[in-house]
K.L.:
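Questions regarding the structure given below will be posed in turn.
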Amino acid sequence: MIVSSALMIWKGLMVITGSESPIVVVLSGSMEPAFHRGDLLFLTNRVEDPIRVGEIVVFRIEGREIPIVHRVLKIHEKQNGNIKFLTKGDNNAVDDRGLYKQGQHWLEKKDVVGRARGFVPYIGIVTILMNDYPKFKYAVLFLLGLFVLVHRE
Amino acid sequence: MNTVLSRANSLFAFSLSVMAALTFGCFITTAFKDRSVPVRLHVSRIMLKNVEDFTGPREKSDLGFINFDITADLENIFDWNVKQLFLYLSAEYSTKNNALNQVVLWDKIVLRGDNPKLLLKDMKTKYFFFDDGNGLKGNRNVTLTLSWNVVPNAGILPLVTGSGHVSVPFPDTYEIMKSY
């Protein structure tokens, strides 16, 4: 019951925000001092929202799984709505061209996973701990399983 | 041992709910505030060159140089839920190639506790002002605005534009690059 209601809430959020991952955890320090590792970001990905400079976008580079959360530095938009833009992390000295694919100079709408609209600090640290220390993840799962088995009232 | 565990459990659950309520309180009390203040911008010098874009696609593009002044008092924006302001000065213009271009020329992070009164004179741009093509030459209308991203302790991340902008025309000719 708990699992299915959690799943319904998650899928519902996906539909409302239009993003395939409406909540992400900040994984690197490239946006400090605004966001630190472990902060939680709420995203929307409505197609009608135009991409403008200053916005914080979460994007994926072709061929890489891990999404990156950086700020839009430059946009060039054509009359028909085609847009190409450049990003940079607040805490980085240079723009993201070094991160893009070989020969890629710009990002496009299709690379965007969502735009950061809201923020809660620290909550995502659990996800990072579980990723960095798999032993911790197994310990938590083991304890949860034990608790479910033992607590039968 | 049983009571210690159950006391620890209820203490933990209680502190979690209190923190959640405080966080939500922070968010809801500042969610609808107007974060805009008047800004005075002034451009003191413009220069235009045409060089190979060494920051990206290696085509000859227009490269602009602007010196500017900013006067703004950001004191009223800071409240209990503002962690920092990310200020950015952006230039907006349209060209034959692209209907809309926006380039961030300069940015600054103002943390809560830093001096909120901005009085900057004759600043150079932080980032290279390359156009996607040669659209800056003779461009009548390049508008500079100062905007900021309000980063809260918890809650919404709004982008606010200061009221006050300056539009400048770019020169019709390029400055010759001197090589020795």
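None of these values were measured; they are calculated from a predicted model. Per chain, numbering begins at 1; letters A, B, ... match sequence-line order.
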K.L.:
Verify whether the ring centers belonging to F59(A) and F85(A) lie closer than 6.0 Å.
P.N.:
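That pair fails the under 6.0 Å test.
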K.L.:
Against chain A, label V151(B) side chain, backbone, both or neither, depending on which of its atoms sit under 4.5 Å from a heavy atom there.
P.N.:
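For V151(B), the contact with chain A is made by the side chain alone.
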K.L.:
What part of S90(B) is in contact with chain A, defined as an atom under 4.5 angstrom from a non-hydrogen atom: side chain, backbone, both or neither?
P.N.:
side chain
K.L.:
Salt bridge check, D49(A) against R117(A): does any charged N sit closer than 4.0 Å to a carboxylate O?
P.N.:
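Salt bridge flag = yes for D49(A) with R117(A).
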K.L.:
Select, from A154(B), S147(B), P158(B), S94(B), the one with the greatest count of heavy-atom pairs under 4.5 Å involving chain A.
P.N.:
A154(B)
K.L.:
Where does I56(A) contact chain B at under 4.5 Å (heavy atoms): side chain, backbone, both or neither?
P.N.:
side chain
K.L.:
Against chain A, label L111(B) side chain, backbone, both or neither, depending on which of its atoms sit under 4.5 Å from a heavy atom there.
P.N.:
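Contact with chain A is through the side chain of L111(B) alone.
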K.L.:
Checking N153(B) side chain against N81(B) main chain: does a donor-acceptor pair fall under 3.5 Å?
P.N.:
no
K.L.:
Is it true that atom CZ of R40(B) has more than 12 heavy atoms of other residues, nucleotides or ligands lying nearer than 6.0 Å?
P.N.:
no
K.L.:
Check whether any side-chain heavy atom of W148(B) lies under 4.5 Å from a side-chain heavy atom of V39(B), and answer yes or no.
P.N.:
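The answer is yes, as the side chains (C-beta and beyond) meet within the 4.5 Å cut-off.
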K.L.:
Relative to chain B, which segment of R97(A) carries a heavy atom at a distance below 4.5 Å: side chain, backbone, both, or neither?
P.N.:
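R97(A) touches chain B through side-chain heavy atoms alone.
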K.L.:
Donor-acceptor pair, K74(A) side chain versus F130(B) backbone, under 3.5 Å?
P.N.:
yes
K.L.:
Using non-hydrogen atoms and a 4.5 Å limit, figure out which bit of L86(A) sits close to chain B: side chain, backbone, both or neither.
P.N.:
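It is neither, since no heavy atom gets under 4.5 Å.
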K.L.:
Which region of Q84(B), side chain (C-beta onward) or backbone (N, CA, C, O), has a non-hydrogen atom less than 4.5 Å from a non-hydrogen atom of chain A, or is it both or neither?
P.N.:
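Contact with chain A is through the side chain of Q84(B) alone.
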K.L.:
Please rank I109(B), T23(B), T55(B), N97(B) by heavy-atom pairs under 4.5 Å with chain A and give me the top one.
P.N.:
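Highest number of pairs under 4.5 Å: T55(B).
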K.L.:
Is V94(A) close to chain B through its backbone or its side chain, or both, or neither, when contacts mean heavy atoms under 4.5 Å?
P.N.:
neither
K.L.:
Taking atom CG of L16(B) as the centre, report whether more than 12 heavy atoms of other residues, nucleotides or ligands fall under 6.0 Å from it.
P.N.:
yes
K.L.:
Quick check for you: among R71(A), K88(A), R52(A), which has the greatest number of heavy-atom pairs under 4.5 Å with chain B?
P.N.:
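Most heavy-atom pairs within the cutoff with chain B belong to R71(A).
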K.L.:
With the side chain counted from C-beta on, respond yes when L40(A) and V25(A) share a heavy-atom pair under 4.5 Å apart, and no when they do not.
P.N.:
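Yes, their side chains come closer than 4.5 Å.
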K.L.:
If I measure from the heavy atoms of chain A, does F27(B) come under 4.5 Å with its side chain, its backbone, both, or neither?
P.N.:
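The answer is neither part of F27(B).
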K.L.:
Counting heavy-atom pairs under 4.5 Å to chain B, which of P121(A), G54(A), G103(A) comes out on top?
P.N.:
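Of the options given, most contacts go to G54(A).
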K.L.:
Would you mind checking which part of F129(B) comes under 4.5 Å of any heavy atom in chain A, side chain (CB onward), backbone (N, CA, C, O), both or neither?
P.N.:
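Contact with chain A is absent: no heavy atom of F129(B) under 4.5 Å.
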K.L.:
Below 4.0 angstrom, N of the basic side chain to O of the carboxylate: do D79(B) and R35(B) qualify?
P.N.:
yes
